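Encoded as structure tokens, the structure appears first; notes follow it.
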Number of protein chains: 2
Amino acid sequence: MATIQDVARAAGVGVGTVSRVLNGSPLVSDTTRARVQGVIDELGYRPSSLARALSLGRSATVAVIVPHFTRPSAVERLRGLADVIKESDYDLVLFDVETSDQREQRFSMAAQADRAAGLVIVSLSADPDEVGRLAGASVPAVFLDRHVEGLPDVHIDDHAGGRMAAEHLLGLGHRRVAFVGDDDEAGFGFTSSDDRLAGYREALEAAGAPLDPTLVRTGPPSREAAHRLTADLLDRPEPPTAVFAVSDLQAFGVIEAARERGLDVPGDLSVMGFDDIDVSAYLGLTTVRQPLYHSGRLAAEMLLHLLDDAGAEVEGVALPVELVVRKTTGPPR
Amino acid sequence: MATIQDVARAAGVGVGTVSRVLNGSPLVSDTTRARVQGVIDELGYRPSSLARALSLGRSATVAVIVPHFTRPSAVERLRGLADVIKESDYDLVLFDVETSDQREQRFSMAAQADRAAGLVIVSLSADPDEVGRLAGASVPAVFLDRHVEGLPDVHIDDHAGGRMAAEHLLGLGHRRVAFVGDDDEAGFGFTSSDDRLAGYREALEAAGAPLDPTLVRTGPPSREAAHRLTADLLDRPEPPTAVFAVSDLQAFGVIEAARERGLDVPGDLSVMGFDDIDVSAYLGLTTVRQPLYHSGRLAAEMLLHLLDDAGAEVEGVALPVELVVRKTTGPPR
DNA sequence: GTACCGGCTGGAACCAGTTCCAGCCTGGGT
DNA sequence: ACCCAGGCTGGAACTGGTTCCAGCCGGTAC
């Protein structure tokens, strides 16, 4: 690889001049600029972004920290983020988080301005200590899918979403309903599932049909796990007539388990999810829609705004959720 | 942020000694090591991975270059890559490619050892010139979902996959079949679609039912695009009795378009896809399965092997494809 | 008592950029 | 003819690490 030194030598100029040409400084004469540019093209010289970042103390990348980035909902958010960031001068780099260790590591990396110019943290919460560090860091951060006091975020009202689900099922006449959600084994600080459960539970209680604690199951956020949890629920002496799953992905696991037992959906069991991912419309899943793609775009726009204007004050945004009734819920037998 | 200088000063040692402590060199006495470590902990010092990479001339990241990374098949491959890489000492960073410009930029970046220690290039081809540069670069590269002469790769036999699809449809009695595939507008060098088409066409010709050129449609690799292309196909005076889509995602677009016209699948139209993504089993889609997740794992393992042992010779791997017959194909009316 | 050896240490040089400062040269004003 | 301003340029210093080289110090051998 050619370096800026090589270019300077070959062009018979100083490194400063080459740097000025690279960065479009006006303090270079047209003839010198042309000569240097010629040498750059000839040598196929590419400046090292690494050395540049070290020297400048900032890089041209936006880091996205996201747990389980292959979940459909995460992918959809990433699509929104990527669509906005690709229009900017920044590169997007994705940091996957699968373990609690990695979470710590990502967060500590976060404050290093030279690794990333800005940060989008997806689905992870931060404790007050971490919030303080992030707020004090020179790298702006935006939280996505999580409300954080004191830092910009894009989130939804999970509590209201859970309530909507309960009200829909109650409206159809269900009284014995279940919940399939996430546990937070890895300690990521996921709270969406719990918040939705709280809203769900409250609405049920308010309607005089309190949630049976034995009908609340949690596990990893995968179809397979939801399948297993549901199989267990359906084996109980008094099985539920409806299940609210905390994501569409999990709802599909629930439906699978029901079909495996020869149950008709929604005849024998109503099932609803959360998110409204791509395939849900296709499959006729009743769900609570949250604007996944849009939330990604919005978070990216907020971050770019912060990067553009370091002093900018950016407000957190709460996006609406919406009940989408399709074919997997109906009145109980 | 504290630097290694700050640590050296605070501990009353030289920077060399701090560096040795950081890297576990045996050339440090236990007492000095303890004192330096104490200062490191006290100051909360974190070495700059950037400076480290610049100094060493190599970084601890694996770069994955992938176009349209939110496609289900790309996501599934990424899952395999991520699962392997997270077990190693390397970080995975994802470089999205959406435009031809970005493709160039990613490739030129590729050769810079200081940005990434190794490279996985997904679904993109390289011309001989690029192959030469990559082969000569100090950064090992593995191609995934593309066979490249002279560099390690993980690929499938797309031609055979296309043939399988044709043979399945012919076996059911179809004679007038269509193809919905990808164009390569962005100039990424996608060839899977064309290779599958070639295999499909050959098998049809061999059976005496040559492919009608007006029944071959290509567009972007999205459900929506496939939907539109199919609508057009079905509007023709002599519509096909079966459609082979080049991906499952596109097959769903085909099915949507058929349903929109009140056609029964597979009664009025047989539809098959390619990939066997997660939801395909669920939806009963007939398809040609390729091992997406496994291919990601394999590519990552090959790359880690190359990183471990610079001299290692790694052979390209061809993975098998397999016909999976489900409910969206049947005999024509 | 001196030479030597080896463990440990400090610091300079280096990686590839950016930026600041000093200095050159030229042109215009007096 | 001389001075000065201002455009352009070269190069040193700096970013935060690693590594090599020289040197210090203690102990052992002769």
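Quick caveat, the model's predicted, so the values are computed rather than measured. Naming convention: chains lettered A, B, ... in sequence-line order (proteins, then strands); numbering from 1 in each chain.
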For B:D89, I'd like to know if atom CG has over 12 heavy atoms of other residues, nucleotides or ligands within 6.0 Å. no
Would you please say whether a donor-acceptor pair under 3.5 Å links the side chains of A:S123 and A:R146? no
Compute the bend angle of the helix from C:dG1-D:dC30 to C:dT30-D:dA1 from the end axes (five pairs per end), rounded to 10°.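 Roughly 70°, once rounded to the nearest ten degrees.
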Without decimals, in angstroms, what is the distance between [X] [atom1] and [N] [atom2]?
{"X": "B:L43", "N": "D:dG16", "atom1": "CG", "atom2": "P", "answer": "14 Å"}
{"X": "B:I4", "N": "C:dG10", "atom1": "CD1", "atom2": "P", "answer": "12 Å"}
{"X": "B:L56", "N": "C:dC14", "atom1": "CG", "atom2": "C1'", "answer": "12 Å"}
{"X": "A:L54", "N": "C:dG17", "atom1": "CG", "atom2": "P", "answer": "11 Å"}
{"X": "B:R52", "N": "C:dC14", "atom1": "CZ", "atom2": "C1'", "answer": "16 Å"}
{"X": "B:R20", "N": "D:dG16", "atom1": "CZ", "atom2": "P", "answer": "20 Å"}
{"X": "B:R58", "N": "C:dC14", "atom1": "CZ", "atom2": "P", "answer": "20 Å"}

Check: D:dG16 base within 3.5 Å donor-acceptor of B:R46 side chain: no
Start with the C-alpha gap between A:L124 and A:V66, add the side-chain angles, then the distance that decides, and say whether side-chain contact (heavy atoms from CB on, under 4.5 Å) holds. CA-CA 8 Å; A:L124 297 168; A:V66 45; over 6 Å; no
Closest approach to the side chain of A:A51, judged atom by atom: which nucleotide of D:dG17, C:dG17, C:dA12 is it? C:dG17
Interface with DNA chain D, restricted to residues 22-35 of chain A and to heavy atoms under 4.0 Å: A:P26, A:L27, A:V28, A:S29, A:T32
Checking B:D91 against A:F95 for the side-chain contact (heavy atoms from CB on, under 4.5 Å) test, could you report, in this order, the C-alpha distance in whole Å, the side-chain angles of both residues, the deciding distance, and whether it holds? CA-CA 8 Å; B:D91 265 338; A:F95 291 90; 4.3 Å; yes
Could you tell me whether B:K86 and A:D96 have a side-chain N and a carboxylate O separated by less than 4.0 Å?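 Here B:K86 does not pair with A:D96 in a salt bridge, since their nearest N and O are not under 4.0 Å apart.
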Can you name the residues that form a salt bridge (charged side-chain N to carboxylate O under 4.0 Å, His left out) with A:R9, not counting sequence neighbours?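 Partners of A:R9 by the salt bridge (charged side-chain N to carboxylate O under 4.0 Å, His left out) criterion, ordered by chain and then number, come out as A:D6.
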When the nearest nucleotide of DNA chain C is assigned to B:G16 and to B:S55 on a heavy-atom basis, which residue is associated with the more 5' position?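 The residue mapped nearer the 5' terminus is B:G16.
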